[in-house]
Amino acid sequence: MGRLTVALIVSSWAVPMSILVNHIVPEPYMDEIFHVPQAQQYCLGNFKSWDPMITTPPGLYFLSLPATYFIKACSIAVLRSTNGFLAVICSILVHDIIKNLKPSLDDRKATLYSVVLALYPLHWFFTFLYYTDVASLTVVLAMYLMCLKKNYMCSALLGAVAVVVRQTNIIWVLFVACTGVLEYVKVKQKHKDNMLSKPKNDQFVSSKGVNISSNLKKRRSGNAIRTASHETRLVSLPDRSSGLFSEIQSIILVSWHLKWELLVSFGPFLALLLAFAAFVVWNGSIVLGAKEAHTVSPHFAQLFYYSLVSCCFMAPMHFSKSQAASLTRSFLKNRPLNLLLWLLVTVVSFYLVHYFSIAHPYLLADNRHYPFYLWRKIINAHWSTRYLLVPLYVYSWASILNILAKVQKKVWVLAYFLASAAVLIPTPLIEFRYYTIPFFFLVIHCHITNDRVWFLMGFLYTSINIFTMGMFLFRPFHWNHEPGIQRFIW
């Protein structure tokens, strides 16, 4: 079991489902009406053509060109097959990342985890349509894997590809670079500690085998070792039991000592960031087309939706007795301070939900999307409903952070939270597919080792996939004000 097994399992559903989708839905649907014609223009070599309604860069179209070149066709089925192929590659990348993060994990478990994540509903569904989501996730994970392997130049180049597929991936480029710096600093510090911990022997052996030592040399050597040890302690990295500010302070100090090494290793990431900043200044916005409908807005509630949706997709882990007990124990460790903190977070959450919940016109008008029904039937069913959900939001983030903090350094958890916030908060439209990349990073780094949890998640994902694909293919409907067949979609 391993890469080949993962690829074969994912292919076993990707190929027949692609054939079925192309048979029942042979015409471009939803966002495909923009992406497919644009890709076909690229197939013709017309790279100056651009649809002003497309909001993302042309990375997906370039990734599709090799397939269209070899097959000698640029039909919608061929273009959609790009995502089917990338979904297989993505599952292999997940397998390799899991093995890299946990080398002791056997192939059977790594295969199981990779296959279950390949079934994640938002990722699985868009495998069969010509959207940017699968390509975006695949390239971001490839970038991350190269960073884990310490091939920083290749990682930065893949980061550039990720940004060309979807511009918000610049945040994940920064996140990957940040995790790379943390790992680089950790390895360097560990190496220095090992060097200093080696015993120094100033003795030498005479030709007769008699040990002769020099007290003067011993004293000088001992002083040097103590001085070096003292300097190292000033910049040593704390363990996970240390506080967040202690971790940040230590990392800054160590990074300063390694500033030139870090600049050389991670310079390509910095160059990519500067190039992206120049693009935003030149373009006047992070969005390419339809800027009026995709203006950056402070949508803090989006971060709450993400936490709750993610916990629901990991329900066997987050909504279990063991996790509730873990959160309770964590709360009781320092009850007065934690009580004050929870109250403060809850009050702030109520404030953010009240003032920063955005109902985008697309959300209110388009009944083809599931968020349309979630908004109408749950979030906005009554004026009080959005506030009644706040305790669930708070619990969801508390559970996510609690699980991550058990296996990751606090500064890593902070970086993950900030990256997720930077991607989601400026997005005014509730689209669950925007949650895919942060969700994959979350699951991969939770280090879930309970096979029962994975099997339950796999069952949950399969059930949702059967329902959503069944609704998409076999429950079409019509609008009175617009011709054509409409279908339910994420």
Side-chain angles (χ1 to χ4, degrees), residues 17 20-21 24-25 28-35 55 83 87 117-134 136-137 293-294 299 301-315 318-319 353 357-382 385-386 388-389 392-393 396 420 423-424 427-440 442-443 457-479 482 484-490:
M17 281 305 305
L20 180 63
V21 170
I24 298 178
V25 191
Y29 184 68
M30 290 289 288
D31 288 7
E32 286 185 322
I33 64 175
F34 306 111
H35 293 307
T55 61
N83 279 337
L117 273 176
L119 288 167
Y120 173 63
L122 277 302
H123 173 64
W124 184 87
F125 187 91
F126 289 102
T127 295
F128 312 110
L129 297 176
Y130 197 58
Y131 275 59
T132 60
D133 302 87
V134 175
S136 177
L137 174 64
H294 295 84
H299 192 186
Q302 186 88 265
L303 201 58
F304 297 133
Y305 305 149
Y306 163 69
S307 66
L308 184 54
V309 168
S310 296
C311 284
C312 287
F313 279 122
M314 298 173 68
H318 288 283
F319 299 108
V353 166
S357 294
I358 298 175
H360 194 279
Y362 288 178
L363 173 69
L364 301 177
D366 198 338
N367 67 343
R368 294 171 295 183
H369 291 281
Y370 291 114
F372 170 87
Y373 300 97
L374 290 173
W375 177 265
R376 289 189 62 190
K377 304 296 184 181
I378 299 178
I379 299 174
N380 207 41
H382 186 264
T385 312
R386 66 177 66 185
L388 293 174
L389 289 171
L392 270 178
Y393 299 150
S396 297
S420 301
V423 169
L424 298 175
T427 308
L429 185 60
I430 301 175
E431 284 265 24
F432 290 166
R433 58 195 179 94
Y434 297 158
Y435 304 165
T436 300
I437 293 177
F439 181 81
F440 267 69
L442 170 63
V443 177
M457 285 170 57
F459 176 77
L460 174 65
Y461 295 171
T462 303
S463 302
I464 294 173
N465 290 337
I466 291 172
F467 172 79
T468 54
M469 188 55 72
M471 293 293 288
F472 177 70
L473 295 177
F474 307 115
R475 289 293 301 273
F477 61 97
H478 293 83
W479 282 344
E482 187 174 313
I485 297 174
Q486 309 302 329
R487 299 179 185 276
F488 294 105
I489 194 172
W490 277 107

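Every value quoted in this text rests on a predicted model; they were computed, and no experiment measured them.
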Salt bridge (charged side-chain N to carboxylate O under 4.0 Å, His left out) with Arg487: which residues, sequence neighbours excluded? none
Cation-pi check for Tyr131 against Arg433: NZ or CZ below 6.0 Å from the six-membered ring centre and within 45 degrees of the axis, yes or no? no
Give the intermediate values and the outcome of side-chain contact (heavy atoms from CB on, under 4.5 Å) for residues Val134 and Phe128. CA-CA 10 Å; Val134 175; Phe128 312 110; over 6 Å; no
Interatomic distance, OG@Ser420 vs OH@Tyr434, rounded to 0.5 Å, equals 16.0 Å
Looking only at non-hydrogen atoms, find the nearest pair between Cys312 and Leu460 and report the distance. O-CD2, 3.6 Å
Between Phe472 and Leu129, the two heavy atoms sitting closest are CZ-CD2, 4.1 Å
For Phe439 and His123, I'd like to know if the aromatic rings sit close, meaning centre-to-centre distance below 6.0 Å. no
Derivation and outcome, side-chain contact (heavy atoms from CB on, under 4.5 Å), residues Gln486 and Tyr29: CA-CA 8 Å; Gln486 309 302 329; Tyr29 184 68; 4.0 Å; yes
Closest contact, heavy atoms only, Trp479 versus Asn367: NE1-OD1, 3.0 Å
Go through the side-chain N and O atoms of Glu431 and Tyr305 and say whether any donor and acceptor fall under 3.5 Å apart. no
Rounded to the nearest 0.5 Å, the CG atom of Leu442 sits from the SG atom of Cys311 at a distance of 8.0 Å
For residues Tyr435 and Phe313, establish whether the separation of their ring centroids is below 6.0 Å. no
Working to the nearest 0.5 Å, report the span between CG of Leu363 and CD1 of Ile379. 8.0 Å
CG of Asn465 to CE of Met17, rounded to nearest 0.5 Å, is 9.0 Å
List the atom of Ala359, the atom of Trp375, and the distance in Å for their closest heavy-atom pair. CB-CZ2, 3.6 Å
When the aromatic ring centroids of Phe477 and Phe488 are compared, is their separation below 6.0 Å? yes
Closest non-hydrogen atom pair, Gln302 against Thr427: NE2-O, 2.9 Å
So how far is it from Ile437 CD1 to Leu424 CG, rounded to the nearest 0.5 Å? 10.5 Å
Any idea which heavy atoms bring Val25 and Leu473 closest together, and the distance? CG2-CD2, 3.9 Å
Euclidean distance, Phe459 CZ relative to Ile464 CD1, rounded to 0.5 Å: 10.5 Å
